[in-house]
Amino acid sequence: MYRAISAKLINVTVAAAGAALLLGAANNAAHAAANQIVARVSLSQQTMEVLVDGRPTFAWKVSTGDRAHVTPTGSFKPTRMHEMWYSKKYDNAPMPHSVFFSGGYAVHATNAIKRLGQPASHGCVRLHPDNAADFYQLVETFGPTNTSIVIVK
C-alpha cells in the first residue's frame, strides 16, 4: 500500500544520505556511524527526543506507564514493527504504527492525545498519531538495526 512520506521525513532522509555521501566509501567506520536514529524517552519529562546522526530532529510529548504499570528503562533495539497491531493482553486495544522494543512493549500511536505529557499507558510509549507515523517511517527507512530506543528515568 502506498503511503505519502511527509516533507520533514524526506528532508531528514536526504540530510542523512548526504552526510553518508560526504563521508565517502573509503571511510567505512565513519559511514557505519552515519544513518543512526536514537529515540530518547524521558519518563520524568514524558518526552521523546529523536536524534538522527546525533542531531536533535524531533521532540514529542509521550505517555508512558502509569503508577500501576512500569515502562522498562534501558537501551533497546526494535524487535518487530506493525503498521497496525491489536493488543492481545488489553482487549484488542489498537496500537497503530507499533515499533516493539522489549517483549510486548512498543512505541505506538494513541487516540488519547489529551493525556500526552503524563503517565497514562500500561507501559508502552504512546505518541500522537502523526508523530507515531513519522517515527515508524523513520525506523522503516533507516532500519531497526540502525535504531536505538533509550528510556531513562
Worksheet entry | In one Ile/Leu/Val/Met/Phe/Trp/Tyr side-chain cluster, 4.5 Å: Val99, Leu51 | no
Fill in: Shared hydrophobic cluster, Tyr136 / Val41 (ILVMFWY, side-chain heavy atoms < 4.5 Å)
yes
Discussion item. Taking Val150 as the starting point, is it possible to reach Val62 by hopping between hydrophobic residues whose side chains are less than 4.5 Å apart?
Written reply: no
Practice prompt. Please check if Leu138 and Met84 belong to a single hydrophobic cluster, counting links between Ile, Leu, Val, Met, Phe, Trp and Tyr side chain heavy atoms closer than 4.5 Å.
Written response: no
Practice prompt. Could you tell me the separation between the CD1 atom of Ile151 and the CZ atom of Arg40, rounded to the nearest 0.5 Å?
Written response: 11.0 Å
Discussion item. With side-chain contact (heavy atoms from CB on, under 4.5 Å) as the criterion, how do Phe100 and Trp85 come out once you've worked through the C-alpha distance, each side chain's angles and the decisive distance to 0.1 Å?
Written reply: CA-CA 10 Å; Phe100 285 86; Trp85 185 257; 3.5 Å; yes
Fill in: NE2-NE2 distance between His82 and His108, expressed to the nearest 0.5 angstrom
12.5 Å
Worksheet item: Roughly how far apart are Ile149 CD1 and Phe135 CZ, rounded to 0.5 Å?
Response: 4.5 Å
Worksheet item: Same cluster or not: are Val107 and Ile37 linked, directly or through other Ile, Leu, Val, Met, Phe, Trp or Tyr residues, by side-chain heavy atoms under 4.5 angstrom apart?
Response: yes
Worksheet entry | Under 3.5 Å side-chain donor-acceptor pair for Thr64 and Gln46 | yes
Worksheet item: How many angstroms lie between atom CD of Gln118 and atom CG of Leu116, to the nearest 0.5 angstrom?
Response: 8.5 Å
Fill in: Any side-chain donor near an acceptor of the partner, Gln36 and Asp53, under 3.5 Å
no
Item to complete: Identify which one of Asn131, Asp134, Asp130 satisfies the side chain to side chain donor-acceptor pair (under 3.5 Å) criterion when paired with Trp60.
Response: Asn131
Worksheet entry | Greater than 12 external heavy atoms within 6.0 Å of Tyr86's OH | no
Response to the item:
One should read off an interatomic distance between Asp66 CG and Ser121 OG, to the nearest 0.5 angstrom, of 6.5 Å
Practice prompt. To the nearest 0.5 Å, tell me how far Phe101 CZ sits from Thr147 OG1.
Written response: 13.5 Å
